[in-house]
Amino acid sequence: MNQIGLVAQSPLDQFEIIPLIPMNIGNFYFSFTNPSLFMLLTLSFFLLLIFFITKKGGGNLVPNAWQSLVELLYDFVLNLVKEQIGGLSGNVKQMFFPCILVTFLFLLFCNLQGMIPYSFTVTSHFLITLALSFSIFIGITIVGFQRHGLHFFSFLLPAGVPLPLAPFLVLLELISYCFRALSLGIRLFANMMAGHSLVKILSGFAWTMLCMNEIFYFIGALGPLFIVLALTGLELGVAILQAYVFTILICIYLNDAINLH
Amino acid sequence: MLEGAKSIGAGTATIASAGAAIGIGNVFSSLIHSVARNPSLAKQSFGYAILGFALTEAIALFAPIMAFLILFVF
């Protein structure tokens with residue numbers, strides 16, 4: 001496997017973080033790493049896309065393909081927000097829309113960018129997805145406290161519970177509530193990392209079989225190759241799906257915090 | 001000896017996918033049942049089914065994470 005310098009030593013090598021511009025302030029590690037580069041690329045990609053569509057007064061009345069794409073994404077998230085966060089007037093719902101739209105677009109384009117060969121998947125690092133999910137979780141809790149004050153704690157005790165059961169239930173609900181922050185980040189991270197590692201391992205099999213000098217192995221390499229093809233298709237689906245699931249779960253948690261069941 | 005133990009641990013961690021397979025089959029079987037009862041709600045039911053699939057798949061992927069942890073980190 002060491003014949004060509006680009007072959008990784010283990011399937012997890014593709015997730016390595018390389019500091020491109022090392023900058024250290026004392027003990028703090030402020031380097032510009034390759035996740036930073038790819039996050040900048042993602043941001044610039046979808047910001048440029050939206051900018052070029054909406055300049056000159058907001059596009060044509062009869063949309064071309066790119067404008068349809070942007071309108072599709074915008075409409076999709078708008079319907080998501082309107083449908084999930086019930087019981088509020090339209091103005092208040094629009095308050096949360098920009099944040100959720102940017103989160104959805106960022107995750108969507110980050111995941112899709114990771115599908116390009118030899119590129120780096122930003123969301124396949126637990127720290128990045130955990131930072132995103134944890135900060136959004138804190139934001140939702142703050143929104144809940146802002147709206148309901150201390151009455152927000154009544155969220156932890158569902159209606160119609162007999163009194164002896166109450167302390168255990170409150171504890172359980174508290175743990176389950178705090179676990180949401182973790183699970184949101186872990187879900188995205190696990191899907192991305194597992195998918196990419198699987199594709200790497202199977203491609204390794206296909207490449208090894210291809211490089212052996214016997215005709216049987218050469219034809220047999222078609223097996224792993226087709227599985228890699230199918231898996232890449234699945235990965236594309238999972239990339240889009242995970243961005244959608246992240247966003248819809250944020251909307252559901254927001255609904256929980258605002259409406260308290 | 002450690003390499004052998006690592007491989008055994010990684011292989012054992014994969015057994016957890018069985019529960020996940022049952023769960024995902026459950027979700028889609030309910031989808032088929034509900035679409036058969038009420039075909040006019042097919043699109044919305046499919047949306048819910050995809051959401052349920054993604055949430056179940058998340059637990060399914062804790063197993064490979066543990067397998068990778070055992071194999072490559074410890």
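Values reported hereafter were calculated over all heavy atoms of this structure, with side chains retained and with hydrogens, waters and symmetry mates removed. To find a chain, count down the sequence lines: A is the first, B the second, and so on, and within it residues start at 1.
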For Phe226(A), I'd like to know if atom CZ has over 12 heavy atoms of other residues, nucleotides or ligands within 6.0 Å.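 No, not enclosed.
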
Crowded around Leu236(A) CG? As in, over 12 foreign heavy atoms under 6.0 Å? yes

Pick one of side chain, backbone, both or neither for Leu249(A), based on which atoms fall under 4.5 Å of a heavy atom in chain B. side chain

Contacting region of Ile201(A) [heavy-atom separation from chain B under 4.5 Å]: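 Just its side chain gets close to chain B.
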
From CD1 (Ile248(A)) to OH (Tyr48(B)), nearest 0.5 Å: 8.0 Å

Would you compute the distance between atom CZ of Phe15(A) and atom CZ of Phe72(B) and round it to the nearest 0.5 angstrom?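 Reported value, rounded in 0.5 Å steps: 11.0 Å.
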
Heavy-atom proximity to chain A below 4.5 Å, by part of Ile59(B): neither

Considering all heavy atoms, the nearest Gly47(B)-Tyr244(A) contact: O-OH, 4.5 Å

Measure across Asn191(A) and Ala58(B) and return the closest heavy-atom pair with its distance rounded to 0.1 Å. ND2-CA, 4.5 Å

Please evaluate residues Arg187(A) and Leu61(B) with respect to the criterion side-chain contact (heavy atoms from CB on, under 4.5 Å), reporting the C-alpha separation (whole Å), side-chain torsions for both, the decisive distance (0.1 Å), and the verdict. CA-CA 8 Å; Arg187(A) 181 178 302 117; Leu61(B) 287 169; over 6 Å; no

